[in-house]
Amino acid sequence: MKTQISSEPIASQDSAWARLKSIQAPWAWSFVGTVLVWFGIVGVFGFGIASNVAQTALTYGVFMVLVGLGQMLVITSGVGNIDLSVPSTIALAGVIGMHVMRSSNGYIALGVAAVLGVGVVVGVANYMLIRLLRIPPIIATLSSSFIIQSIAITQGRQLPPPPPALGAFATGRVAGVPYIALLALALSIALAVLLHRAVYGRRLSAIGQNARAAWLAGVNVHRTRCLAYVLSSMIASLTALLLAAISGGASLDMGVEYMLISIAVVVIGGTLVTGGKATIVGVWGASMFLFLTNAALNAVGADAGVRSIVYGVLIISVTVAAGGKVLR
Amino acid sequence: ATGDTSQKKIALSNSFAGNAWRQSMLKSWNAVSQQAVADKKVAAAPAFTTAENQVTEQAQQIQNLILQGYNAIVIDAVSPTALNGTIKKACAAGVVVVSFDGVVDEPCAYRVNFDFKGWAEQGVDYLATRLNGKGNILEVRGVAGISVDNLMHEGVLEGLKKHPGMKLVGSVNGDWTQSVAQKAVAGILPTLPQVDGVATEGEMSFGIAQAFKAANRPAPPMIIGSTYPELQWWSEQTKAGYQSRSLSNPPGAVSFAFWVAQQVLAGKKIPKEVTINVPLLAISQQELPAKLAAIPPGGIADVTYTLPQTVALLDKK
Amino acid sequence: MGATSSQEDSRALIRFEGIGKTFGRVRALTDIDFAFLPGECVGIAGHNGAGKSTLMSVLAGVYAPTQGRIEVDGHDAPHYDANAARNAGVRCVFQELSLCANLTVAENMTVVHPHLHGRGWRRKATALMREKLDEIFPDHGLKGGELVSDLTLTQQQMVEIARAFTVTDTPVRLVILDEPTSSLDAHTAEQLLAFVRRAAAERGITCLLITHMLGEIERVADRVMVMRDGGIVGVLPRAQSSRASIIQAMGQHLEADKSPAAARARNARSDQAHFRWNVGVKKHTVIEASRGEIVGFAGLAGQGQTEALLSIYDAATRHGAARTKVAFVAGDRGRDGVFPVWSIAQNLDLRWLLGGAKRKRGLVDFAAARELVEAWRAKIGIRGASMNAGILSLSGGNQQKVLFARALACDAELILMDDPTRGVDVGTKRDIYQLVHEEAAKGRTFIWYTTENEELSHCDRTYVFRSAAVTRVLHADECTEEALLAASFEDQAA
Amino acid sequence: MTFANTQARLRAMLPAISLVAVLVPIAIMQPTVMSYFGSSLLLNLAVPIVLATLAQLAIITVNDLDLSIGPFVSLVACIGATLLVKQPWLGALALAGCVLAYAAVGALIELRQIPSIVVTLGLSFVWSGLAIVLLPSPGGTSPEWLGTAMGYQTPLIAAPIVWSVLIAIVGHLLLMRSSAGVRVRGAGGNPRAMRRFGWSLVRSKATLYGVAGVFGVLSGLSLLGLTTSADANLALRYTLLSIAAVILGGGEFIGGRVSVVGAVLGAITLTLAASFLAFLNISADWQVGMQGAILIVVLSLRVLLQRGERR
Ligand SMILES: Nc1ncnc2c1ncn2[C@@H]1O[C@H](COP(=O)(O)OP(=O)(O)OP(=O)(O)O)[C@@H](O)[C@H]1O
Ligand SMILES: Nc1ncnc2c1ncn2[C@@H]1O[C@H](COP(=O)(O)OP(=O)(O)OP(=O)(O)O)[C@@H](O)[C@H]1O
Ligand SMILES: [Mg+2]
Ligand SMILES: [Mg+2]
């Protein structure tokens, strides 16, 4: 992947061995898993459905990618940083977005702006809890998620459906590729540039590795970390809009399943949980892997318990296989 | 019964507030309880909600309500069995416990509920009539491990037993959430042969329909829920000749549970052994336009019960 | 005692034969032969990355050597690991501290003494630790119940040293001290050295002392092992272990031009101090500096110098009148300096990216970054790895050079240095001093905290700290060893 | 030195101060909670939370995080409500197997150097799945002896308080006072040093994860004793609750700094904080939000105190 290599500014002198080692990156495992599961499905159900499976994975796995990208930024900003408010942010943003857009195509732009505004507010509020009250992020974002949930509840009655144009965008595709997948791809590329080509990426990585050292090296720790939280919430908000669009309306519980999933895809994708190293490609690989695994388990008729067990064992296996990615 | 309950306090212990159904239920509770307080029927009737839909949380909440001296507690329980210990404590403290929707096993509590199993069975029967008893069925279930889900699943199996020509070709969990159901169905559809009917557990039909549409398959017959987007979609499909019916558990039935609690406090004898079934809300193809016009966008088709209606229903049984 | 001879070999405590160690592609040690004799004190000197710490890690059983054999008491020890080393009586004070910060001083004893358990172990551990601390550092002021994280770096170092000499079930026969004095002040370092001599002479404990302060070796060592590039290049007997001969053996030539202070006599300095900060308790202490000046912070270690630097840094980075372009050279690399995930190059150009670099449409100019890194690599002579290798593959001293380059390779006008030559070899130190003078001449201001009094001769003015306040300001010409010591021990003037 | 000592003492006092800060308003609003009956009603659900918190604490000690403790407690309750009743031996065996699995996961995490967060996340799916397979719909019954044990009426002071104190003392002796406990904590404080001195980190982690498993089992069983029946989603929220309790009790995510007594107090404080709501009259819409707000207030209390101490 291009972004990977360019993250090493002075890659030219790399020896062949070092290249080989960088190819043996942790994110590769999730792709291997994805391909295996995909072949598994195709093997069992015939080649005819191959593209169908890939398409659904692209449509619905994309939501995992999106929330994962936001979570990735937060996790990269240092050990212990996790955003658990993703589900309630999705609920609130969906609710606000639907209200602002009033089912009318003319208000879509306004709605998008409002939703992004929700993201900014939530992100800043989360970070204020962490910084001013020094509450550990995992608890701070959990607490704030309750409050956000309450606000969403008060606003969540009698929601208008999304504007038709938005719905059409969410379900439309070009050359078999869903628009929303393209949108997620564009966002991923933008983030890749931000992380690997812009100074912000270096600042984020620095505070993720050692906040004190970063501070002493001249990084504005708070601004950098705050931006990570804000971006995470903004991406979650955007996801909310797409979710509402594709499922024909916002609901309070449409984000619930993304709390743990968003963390899972980030870490399975090879981003360091201890912070300092983000892997965008990995988020894609992991999302596709998890979505396809779930679909495959549904398809073979495994019931919920078995499905959950297999799901868990797979997550652990991928992690174990990719293991040893510590620095020493 | 007409005993004086004007000094009595009734609490609602609700396990979850994060979906439209529970929201409507809370709204109905507030409406009926405020009116009752104004009419001096009860002294107070606040609603309490827990944040995480968890047994331990609700158990703690009920214990606190006992401490606060409520005379009756209406419980929408997160688990039918796991609150038993706590409810026993409540009964021992002389509190009237009425469980509703999420009902509990504990014999000392009253049970007001919907016939979930029958609902699911009716759904399959309906599919059987539409499909002439033959076809591939996809089942979309609720949240795994929840008793209602199991009841409805049993109902589906029972219904299928009656119609051997219908074959269950797949089963996914849609968590009673449109977007989750949509994702789950979309994930399994490519691996399925033609799907002739969908057995759902309510409130998910719109998401399911979206998934079929995305897979370029026609929406098969299925029972529709009662939320606005579902009814709206149904009404649109009607133009293309799609026929269906709607069956749902109205959240407003909480008012029924409220009056049951009030009546028990007033001295009415109501059997605890049997579950009192509140009728499901059915909407036929003919009724659809009128019903749809009556609910606001984003709303839900609902019924609420007044005291006389409740008493009438109770006495009929 | 003289150089190794066959007769002495027979009574060797531990003998290395052809020991080699590689890390991936890095050859850290090659073909080391050495016999550690009972009761001697061996000084070990060598440039940064010479392999001193690695050799000691092999001796302590942390690394298994990739080649060669180890003999303990004349017997072959094929499975020589940490436990075998402990049973052989080997103890080690590692270069990076090895205390558990979440445990108390006494609790840290259980880590090296597996036999401390059962009823009353805590009391036993406290007594042992107190006894040893009293013996080595008579005025330590520790009780044993303090959490290590509440101690200053100096106190931690003291605890770690004392712990290495405590005895329970196995006797202590050989103690490795890897740069033990790097965070000790002159006074405690003196106490330690005196103890080391006594331990070797009176109790027959073999002491291995690694240090870049060659004067210390000169004072205590019976033999000096000089290492270069992973090999032993000479073993000097006591009679020849003068500073000059060690340096000669290391292959570094230190010209005797000790005239930087004279060079500092610049005339064109404005009387007006350009910078002024209030630091310390209640902000009572005033620190001033003008452009192009090198200001020293001195005093015993841990008297608030680092805190003063941090509060200056804090003031300089905050928005407001005092905002200055500032860079910081950390002394405690692991905690304050190094980014372990990154390559050497990324570690180096970070400060430059944040200030000084020109951006191309908001993005990093990679070509310019590469040029910068190459320029600094040549300038400070980073040895041992490609610039794209991970920073942790460098030896401690070389990591320190990278941090130095990071601070200088940017637009900072004010450079704060927190004991920046900690663990840096003599040759590199000289390069660093020269660099500091050059940059100061260009108008950069330096504030330099150091635990090595010799370095203060490079400063125009020196603030001497005691109990988080300045007791004396010495100008370059008054900055003698005696004056410093006097000021360091002076009680705070009210 | 006296400064450092007062600092350490204040740090240790914080959880107790938080507890008082929550307890006082509750007692004022509802004086009955101070009675034997009231306190047992208010606190009996704290016992399983306290146990789950200690399980979490064991894992936080080695700088890991356990996202699976909630599902694990649920699974234990399900095992207890099914196997343990019908085939006690099989049930006991299953519980022992669970503890071993926990220890094995600890060893695996260290051996492969993998992040505990993901592994325990995966594990949480496994536990949930097993629980659903074992008990597809809520039900089962608690073994007789368990119900009796949890219903036992202690003289004078309500049983939950007695239990909590006992648990705190045992935990404190094990982890904070014994030399083995100290060494295991050392593995959290400076793993590199421990390895250098020849200690096996794998063994330390396996031990602590095993201990977490034991506390998880105890938590599940005590919860089952209280609820008298189980369900696969019984205790999911214990995961985050236990983390919050450890933090509130003065624990830190890295560096092996934990306090058993503090964590127990933290768990009780959080249990009480949730009860706070039932005593306030807030509109249903805002009740969920209030829980968040209370959590924030309780935790920031700790931070305000700490901040005052730092300056
Ligand atoms: N004075 C300081 N001493 C040591 N480390 C510091 C100091 N200030 C900041 N840091 C480190 O840098 C990070 C961010 O620095 P910053 O000064 O912006 O934060 P802070 O100390 O939390 O600020 P404030 O005290 O204003 O809330 C901190 O997390 C901390 O690790
Ligand atoms: N864990 C490791 N992995 C890779 N290379 C290493 C490792 N440890 C040491 N090295 C390399 O081995 C060589 C010797 O390092 P060592 O730490 O022994 O040097 P040193 O003589 O102690 O230097 P200093 O005086 O700077 O502490 C260096 O080139 C270093 O880069
Ligand atoms: Mg070294
Ligand atoms: Mg020094």
Side-chain angles (χ1 to χ4, degrees), chain A residues 75 79-80 82 84-85 88 129 132-140 142-156 260-261 263-264 266-268 271-274 302-328, chain D residues 63 65 67-68 71 105 108-109 111-136 192 232 240-241 243-244 247-248 251-254 283-304 306-307:
Chain A
I75 288 180
V79 64
I82 273 184
L84 294 186
S85 69
S88 54
L129 289 181
L132 297 183
L133 301 179
R134 295 178 198 235
I135 302 176
I138 197 167
I139 308 295
L142 178 75
S143 314
S144 75
S145 80
F146 287 156
I147 298 176
I148 299 165
Q149 175 87 10
S150 256
I151 301 174
I153 286 175
T154 59
Q155 304 300 315
L260 292 181
I261 292 287
I263 304 169
V266 171
V267 198
I268 290 176
T271 294
L272 271 189
V273 244
T274 47
D303 73 12
V306 175
R307 224 151 55 204
S308 180
I309 295 174
V310 173
Y311 209 52
V313 168
L314 277 176
I315 291 181
I316 298 177
S317 320
V318 169
T319 324
V320 170
K325 57 193 169 200
V326 276
L327 0 127
R328 200 170 305 121
Chain D
N63 306 337
L65 208 55
L67 294 185
S68 77
V105 165
L108 187 70
I109 284 176
L111 278 174
R112 293 291 296 153
Q113 291 292 325
I114 39 185
S116 63
I117 295 190
V118 217
V119 177
T120 53
L121 184 70
L123 210 52
S124 72
F125 286 107
V126 175
W127 301 141
S128 282
L130 285 173
I132 293 177
V133 168
L134 210 57
L135 199 63
R192 194 176 155 154
L240 291 170
L241 202 61
I243 297 174
I247 299 304
L248 188 57
E252 276 164 34
F253 284 124
I254 38 175
S283 105
D285 281 357
W286 290 103
Q287 281 178 11
V288 176
M290 261 319 269
Q291 304 205 8
I294 289 178
L295 212 56
I296 291 173
V297 169
V298 169
L299 281 162
S300 57
L301 198 75
R302 143 189 178 269
V303 169
L304 288 180
Q306 247 176 6
R307 172 175 254 192

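Sequence lines set the chain letters: A, B, ... in the order given, protein chains first and strands last, and positions in each chain run from 1.
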Answer yes or no: is there a side-chain heavy-atom contact under 4.5 Å between L133(A) and L299(D)? no
Under 4.5 Å between any side-chain heavy atoms of V267(A) and L121(D), yes or no? no
Working to the nearest 0.5 Å, report the span between [atom1] of [X] and [atom2] of [Y].
X       : Y       : atom1 : atom2 : answer
L67(D)  : I138(A) : CG    : CD1   : 6.0 Å
D303(A) : I132(D) : CG    : CD1   : 8.5 Å
I147(A) : W286(D) : CD1   : CH2   : 9.0 Å
L123(D) : I309(A) : CG    : CD1   : 11.5 Å
F125(D) : L314(A) : CZ    : CG    : 11.0 Å

Kindly give the heavy-atom pair with the smallest separation between [X] and [Y], and that separation in Å.
X       : Y       : value
V288(D) : Q149(A) : CG1-CG, 4.1 Å
G289(D) : S150(A) : N-OG, 2.7 Å
P136(A) : I247(D) : CG-CG2, 3.2 Å

Contact origin within V266(A) toward chain D - heavy atom pairs under 4.5 Å: neither
Counting only heavy atoms closer than 4.5 Å, note whether V313(A) contacts chain D via side chain, backbone, both or neither. both
Is it the side chain or the backbone of [X] that comes within 4.5 Å of chain A heavy atoms, both, or neither?
X       : result
I296(D) : both
I117(D) : side chain
L65(D)  : side chain
L108(D) : side chain
L134(D) : neither

Could you check which of I148(A), I263(A), L260(A), V306(A) has the highest count of heavy-atom pairs closer than 4.5 Å to chain D? L260(A)
Among I316(A), I153(A), V79(A), which residue forms the greatest number of heavy-atom pairs with chain D at distances under 4.5 Å? I316(A)
Intermediate values then yes/no, side-chain contact (heavy atoms from CB on, under 4.5 Å), L240(D) and L84(A): CA-CA 10 Å; L240(D) 291 170; L84(A) 294 186; 3.6 Å; yes
